Amino acid sequence: MFPQIFGFFQDVLVKLIDEHVDSRKIGRNRSNKMSKSYNIIQKAYTETYGSYSYALGRNSDKTNMKTEVGLNAEFITDIIIQNAIFLTTEQVWDDKVENLIFQPIFVQMTPEQKNAANLLNGVAKKAKSEGDKRVFSRYLTKINEYMDNPEVPDLTFRDEILWTPEISAMEYYFDDEILLPKEQKLVDIITMEKSQDRPVIVFVKHIDRLKGRLQSVLQNAGFKVGTLPASRKADERQDYINKKICNEKVDVMLLDPHKVATGVDLISAPTVLFFNTGFDYFEVGQSERRSFRIGQRRQTRVYYLAYAGDADTPTIQDQVLTMIAQKKTCNGSCSRVSGRRRAFIIIRERKQLYP
C-alpha cells in the first residue's frame with residue numbers, strides 16, 4: 001500500500017513529514033510522539049517503502065530500525081482516510097463467490113491421548129491451585145500443541161522441569177503406520193477436495209516441529225505436498241506459494257498462519273484448513289480469508305479441526321475454537337454490514353459436508 005499512496009500523494013506526504021520532523025534529528029526526540037511516528041514514514045519512503053518498528057539503542061544517537069508489515073496509525077488517519085473513497089466488496093467484485101465456513105470438526109481422542117493429556121493437565125491444576133499464572137500460561141501453549149505432537153519439548157519454569165512428554169511416550173507416540181485421529185480426518189478431507197480438483201492450504205501452528213510428520217502422513221496418502229521455506233521474505237511468499245500450486249501442481253501447502261496472515265492472496269487454493277490454531281483471533285481471522293479474495297472464481301471453503309473434550313478430559317483445542325466462534329459472533333452482530341457476519345454458528349442453510 002505504501003508505494004501506491006506515495007505515488008498518488010507524494011506532495012501531501014512530504015509536506016506532512018516536513019511539518020512534524022526535523023530531518024537532522026531523526027530518532028533523537030523521544031518525547032515528541034508525532035516526530036517519532038513520522039520518522040518511520042520518512043525512513044520508509046526514502047529507503048524501502050515499507051513500515052518500520054522503532055526503538056532507540058543504548059546509545060541515544062543510534063536508532064534501531066526493523067522492517068515490519070503494515071503502516072503506522074498516523075499514516076492511515078492523516079493521509080489515507082482523507083484521500084480515499086470506500087467501496088463495498090460487491091461494488092468491485094461482480095461475480096463474488098460463496099465463502100463456506102464450516103462448523104468445527106471435533107475429533108475424538110484415543111484412550112492413550114486422554115491419559116497423556118490428563119498427566120499434563122495435572123500440572124495446570126496444581127498451578128491454578130497455587131495461583132501461579134505464569135506456569136498456567138505456559139501449560140496452555142504446551143497442551144494445545146501436545147495433542148497433535150507427542151514429541152513437544154519439556155514444560156519448564158525457572159530451569160525446573162515441571163513435566164516431560166517422556167512419561168507418556170510408551171503409549172502416546174507417533175506411529176509410522178497408525179495415524180492419529182486428526183491426521184486421519186485431515187487425509188479424508190484433502191482426499192475429498194482433491195477429487196474435486198481443489199488444492200488445499202493447511203495452516204499448522206508450531207509447523208517447525210510438525211512439518212516432518214505431516215509431510216510424511218500426506219505423502220504416504222498419495223498427495224504432493226509443498227512447504228514454505230523460512231528463508232522466503234514477506235514480499236516473495238505469495239508468488240512462491242502460487243507457483244507451487246499452479247506450476248508444480250502440489251495438492252497441499254503446509255503453512256504457518258503467521259507467515260501469510262496479511263499481505264498475501266492465495267487465490268490458487270480455494271480450500272483452507274486449520275489443522276490447529278493458536279490463541280490469536282486476529283491471526284486466525286486474517287488467515288482464513290487468504291483464498292476468499294477479489295478475483296477468486298471458485299467457491300471457497302474453510303475447515304477447522306480440533307480434538308473434542310469431555311467432562312473428564314477437557315481440551316484446550318475445543319475451548320480455543322469456541323472462544324474464536326464467540327468473537328466471530330460478536331464481530332458479526334456488532335457490524336453494520338450484516339453480510340459480513342461470519343461466525344461458525346452462522347452457517348444458515350449451507351450444506352455441511354461433515355456433521
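The first residue of the sequence shown is numbered 1, and numbering continues consecutively from there. The shown structure was predicted, so the numbers you read here are calculated from the model rather than taken from an experiment.
A 4.5 Å side-chain heavy-atom check between Leu228 and Asp256 finds every atom pair outside the cut-off. Put simply, the side chain of Phe274 does not reach to within 4.5 Å of the side chain of Val204, judged on heavy atoms. For the pair Leu305 and Leu186, the minimum side-chain heavy-atom distance is below 4.5 Å. Side-chain atoms of Glu145 and Glu151, non-hydrogen and from C-beta on, never get closer than 4.5 Å to each other. Side-chain contact between Leu180 and Tyr172: present, with at least one pair of heavy atoms (C-beta onward) separated by less than 4.5 Å. Here the side chains of Thr141 and His206 are in contact, with some heavy-atom distance below 4.5 Å. Between Leu255 and Leu266 there is a side-chain heavy-atom pair separated by less than 4.5 Å. The closest side-chain heavy-atom distance from Val202 to Met253 is not below 4.5 Å.
In this structure, CD1 on Ile201 lies 4.0 Å from CD1 on Ile245, to the nearest 0.5 angstrom. To the nearest 0.5 Å, atoms CG (Leu273) and NZ (Lys185) are separated by 11.0 Å. Interatomic distance, Met109 CE to Thr313 OG1, rounded to the nearest 0.5 Å: 5.0 Å. Between the OG atom of Ser268 and the NZ atom of Lys243 there is a distance of 12.0 Å, given to the nearest 0.5 Å. Taken from CD in Gln319 to CD in Gln326, the straight-line distance is 10.5 Å, to the nearest 0.5 Å. The CG atom of Asp197 sits 9.0 Å away from atom CG of Asp251, with the distance rounded to the nearest 0.5 Å.
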Asn99 and Gln296: CA distance, side-chain angles, deciding distance, side-chain hydrogen bond (donor to acceptor under 3.5 Å, both in side chains) verdict: CA-CA 10 Å; Asn99 184 34; Gln296 177 63 266; over 6 Å; no
Test side chain to side chain contact (heavy atoms under 4.5 Å, CB included) applied to Phe106 and Leu321, step by step: CA-CA 10 Å; Phe106 292 110; Leu321 288 190; 4.3 Å; yes
Test side-chain hydrogen bond (donor to acceptor under 3.5 Å, both in side chains) applied to Gln196 and Arg298, step by step: CA-CA 11 Å; Gln196 301 176 22; Arg298 303 186 66 180; over 6 Å; no
Side chain to side chain contact (heavy atoms under 4.5 Å, CB included) assessment of Arg134 paired with Arg158: CA-CA 11 Å; Arg134 289 173 293 181; Arg158 293 177 178 175; 2.9 Å; yes
Salt bridge (Lys or Arg N to Asp or Glu O under 4.0 Å) between Asp148 and Arg213, intermediate numbers included: CA-CA 10 Å; Asp148 300 313; Arg213 168 66 179 183; over 6 Å; no
Verdict with supporting geometry, Val272 and Arg301, side chain to side chain contact (heavy atoms under 4.5 Å, CB included): CA-CA 6 Å; Val272 169; Arg301 302 171 184 171; over 6 Å; no
Verdict with reasoning, Leu218 to Leu254, per side chain to side chain contact (heavy atoms under 4.5 Å, CB included): CA-CA 10 Å; Leu218 294 173; Leu254 298 175; 4.0 Å; yes
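Under a cut-off of 6.0 angstrom, the local environment of CD1 in Ile161 is sparse, with at most 12 non-hydrogen atoms contributed by other residues, nucleotides or ligands. Within a 6.0 Å sphere centred on CG of Asp176, other residues, nucleotides and ligands contribute 12 heavy atoms or fewer.
One hydrophobic cluster, built from ILVMFWY side chains closer than 4.5 Å, holds both Ile294 and Phe292. In the hydrophobic cluster analysis, where Ile, Leu, Val, Met, Phe, Trp and Tyr join through side-chain heavy atoms closer than 4.5 angstrom, Tyr173 is grouped apart from Leu120. By the criterion of side-chain heavy atoms lying less than 4.5 angstrom apart, applied directly or through intervening Ile, Leu, Val, Met, Phe, Trp or Tyr residues, Tyr303 is not grouped with Ile267; the two fall into different hydrophobic clusters.
Between Tyr304 and Glu288, the side chains place a donor N or O and an acceptor N or O closer than 3.5 Å (distance only, hydrogens not considered). Judged purely by distance below 3.5 Å, without hydrogens or angles, the side chains of Glu193 and Thr271 pair a donor atom with an acceptor atom. Neither side chain, Arg290 nor Gln238, offers a donor N or O lying under 3.5 Å from an acceptor on the other. Between the side chains of Lys182 and Gln113, no donor N or O sits under 3.5 Å from an acceptor N or O.
Of the possible polar contacts, one joining the Arg237 side chain to the Arg232 backbone as a donor-acceptor pair under 3.5 Å is found. Remark: the backbone N or O of Pro165 is not paired with any side-chain donor or acceptor of Ser168 at under 3.5 angstrom. Asp175 places a side-chain N or O within 3.5 Å of a backbone atom of Glu177 that can act as its donor or acceptor partner. Between the side chain of Arg198 and the backbone N or O of Pro270, at least one donor-acceptor pair lies under 3.5 Å.
Not counting sequence neighbours, the partners of Asp280 by the side-chain contact (heavy atoms from CB on, under 4.5 Å) test are Phe282, Glu283. Thr88 pairs by the side-chain contact (heavy atoms from CB on, under 4.5 Å) definition with Glu90, Gln91, not counting sequence neighbours.
Across all non-hydrogen atoms, the minimal contact from Asp318 to Thr315 is CB-OG1, 3.0 Å. Of all the heavy atoms in Met147 and Gln317, the pair that sits closest is CB-NE2, 3.9 Å. Between Ser287 and Phe203 the shortest heavy-atom distance is O-CE1, 3.4 Å. The two residues Thr191 and Val187 come nearest to each other via the heavy atoms OG1-O, 2.7 Å. Across all their heavy atoms, Val107 and Pro181 have their closest contact at CG1-CB, 3.3 Å.
A cation-pi arrangement is absent between Lys205 and Phe275 under the rule of less than 6.0 angstrom and at most 45 degrees off the ring axis.
The side-chain contact (heavy atoms from CB on, under 4.5 Å) test with Asn276 is passed by exactly one of Ile207, Asn144, Leu210: Leu210.
Glu248 has no carboxylate O lying under 4.0 Å from a charged side-chain N of Lys224, or vice versa, which leaves the two without a salt bridge.
By the 30° and 60° cut-offs, the orientation of the rings of Trp163 relative to Tyr146 is perpendicular.
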